[in-house]
Amino acid sequence: MTADVDVTDHRPKRSDALVRRIAIHEASHAVARLVFDLDTVTGISIDAFHGGYVVAQTDVYHENTLEFLSAHLALMLAGRAGEEEFLGSAGANNNGETVGSDHESATKLAYDMETSMGFAEDMPLLYRRCEDWAHHLATNPKLAARVNRRLEEAYEVARKVVRAQAAAVSYLRDQLMAHGTLEGPELKVVLAETRKLIKR
């Protein structure tokens with residue numbers, strides 16, 4: 001006779017404070033996407049165990065100008081900016097994981113802008129990207145400082161956006177905490193209300 005298999009999920013329950021932090025993080029990303037008019041949001045969730053996510057689809061391919069890429073940098077950092085603005089602190093990226101995190105994505109984009117896209121302040125025409133870009137940054141302090149300056153500037157933009165759009169972020173945060181996942185017609189209704197709260 002075989003024993004019954006216990007299929008109960010034994011992972012610890014997320015605290016209310018953690019759920020609130022995730023909701024603020026994802027709401028900030030989504031609102032920044034609306035403010036910058038980058039892509040179309042097709043789903044937002046805070047139900048993933050280690051965090052949440054915003055799903056977006058690209059409807060129009062834009063020119064990869066400095067302004068466009070800088071807006072993407074700010075968008076990538078908007079989640080952390082929202083945490084700092086609303087909670088006074090930032091949580092660790094993806095529960096401490098780095099692969100695919102906001103930090104990794106933003107740093108990689110800032111690195112590419114500085115080394116291979118022609119937007120460097122110093123020698124913009126020189127292509128100097130390395131396959132192991134993280135090692136390149138770790139061993140080149142001057143390059144790391146320039147990439148970090150680009151990230152810091154984008155982060156300031158992200159904080160200003162989140163601060164200015166506090167009402168929209170708060171509304172979307174509350175909707176995420178109430179529903180967990182927003183998609184389909186329900187998402188359309190919520191985003192329509194969110195847009196009404198955005199200050200132009």
Side-chain angles (χ1 to χ4, degrees), residues 18 21-22 24-45 48-85 87-163:
L18 176 58
R21 182 178 293 277
I22 294 169
I24 288 170
H25 186 102
E26 300 308 332
S28 297
H29 275 306
V31 168
R33 194 174 287 279
L34 296 176
V35 168
F36 292 126
D37 196 23
L38 297 174
D39 308 325
T40 299
V41 176
T42 59
I44 314 172
S45 180
F49 182 71
H50 287 301
Y53 54 85
V54 175
V55 180
Q57 66 184 31
T58 300
D59 301 313
V60 176
Y61 286 110
H62 297 277
E63 297 175 289
N64 283 334
T65 62
L66 177 60
E67 293 74 21
F68 178 74
L69 295 170
S70 295
H72 267 283
L73 272 183
L75 168 63
M76 291 172 180
L77 298 171
R80 178 187 175 95
E83 292 182 41
E84 292 243 42
E85 288 295 325
L87 300 174
S89 66
N93 239 331
N94 288 357
N95 204 26
E97 297 173 15
T98 58
V99 177
S101 70
D102 295 339
H103 277 134
E104 181 191 41
S105 299
T107 303
K108 178 63 165 59
L109 176 56
Y111 170 82
D112 287 344
M113 291 170 72
E114 196 65 37
T115 61
S116 63
M117 291 183 169
F119 297 123
E121 292 179 16
D122 179 42
M123 297 183 288
L125 299 180
L126 178 65
Y127 184 95
R128 51 185 177 255
R129 179 175 167 189
C130 292
E131 186 175 335
D132 188 348
W133 63 272
H135 179 73
H136 192 196
L137 284 175
T139 56
N140 190 325
K142 289 183 179 178
L143 174 61
R146 291 195 299 271
V147 169
N148 183 66
R149 183 167 57 249
R150 200 176 286 279
L151 291 168
E152 293 282 357
E153 289 171 357
Y155 189 61
E156 282 307 306
V157 171
R159 288 197 72 162
K160 286 177 182 176
V161 166
V162 171
R163 192 179 307 130

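Reckoned from all heavy atoms, side chains included, excluding hydrogens, waters and symmetry mates.
Minimum heavy-atom separation, Ala120 to Arg128: CB-NH2, 3.3 Å. The shortest non-hydrogen separation linking Val147 to Leu137 is CG2-CD2, 3.8 Å. For the residue pair Val162 and Gly82, the shortest heavy atom distance occurs at CG1-CA, 3.6 Å. Shown here for Leu75 and Ala32, the closest heavy-atom pair between the two residues is CD1-CB, 3.9 Å. Closest approach of Ala106 and Leu77 over heavy atoms only: CB-CD2, 3.9 Å. For the pair Val161 and Phe36, the tightest heavy-atom approach, listed with the atom from each and the gap, is CG2-CZ, 3.9 Å.
Side-chain contact between Glu153 and Glu156 is absent, with no heavy-atom pair separated by less than 4.5 Å. Between Glu63 and Phe68, every side-chain heavy-atom pair lies at or beyond the 4.5 Å cut-off. In this structure, the side chains of Trp133 and Thr107 come closer than 4.5 Å at one or more pairs of heavy atoms. Residues Tyr53 and His29 form no side-chain contact, since every pair of their non-hydrogen atoms from C-beta on lies 4.5 Å or further apart. Within the 4.5 Å cutoff, side-chain heavy atoms of Tyr111 are placed close to those of Cys130. For the pair Asn64 and Met117, the minimum side-chain heavy-atom distance is 4.5 Å or more. At a threshold of 4.5 Å between non-hydrogen side-chain atoms, the residues Asp122 and Lys142 do not count as touching. Under the 4.5 Å side-chain criterion, counting only non-hydrogen atoms from C-beta, Met113 is in contact with Leu66.
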>> Run the side chain to side chain contact (heavy atoms under 4.5 Å, CB included) test on Glu83 and Ser28 for me, step by step, so that the C-alpha distance in whole Å, both residues' side-chain angles and the decisive distance to 0.1 Å come before the verdict.
In response: CA-CA 8 Å; Glu83 292 182 41; Ser28 297; over 6 Å; no

> Asp102 and Arg80: side chain to side chain contact (heavy atoms under 4.5 Å, CB included), yes or no, with the steps?
Replying inline: CA-CA 9 Å; Asp102 295 339; Arg80 178 187 175 95; over 6 Å; no

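Rounded to the nearest 0.5 Å, atoms CG (Leu87) and CZ (Arg21) are 5.0 Å apart. For the atom pair Asp132 CG and His136 NE2, the distance stands at 10.0 Å (nearest 0.5 Å). In this structure, Leu151 CG and Leu73 CG are separated by 6.0 Å, a value rounded to the nearest 0.5 Å. The CG atom of Asn140 sits 10.0 Å away from the NE2 atom of His135 when rounded to the nearest 0.5 Å.
Atom CD of Glu121 sits in a sparse spot, with 12 or fewer heavy atoms from other residues, nucleotides or ligands closer than 6.0 Å.
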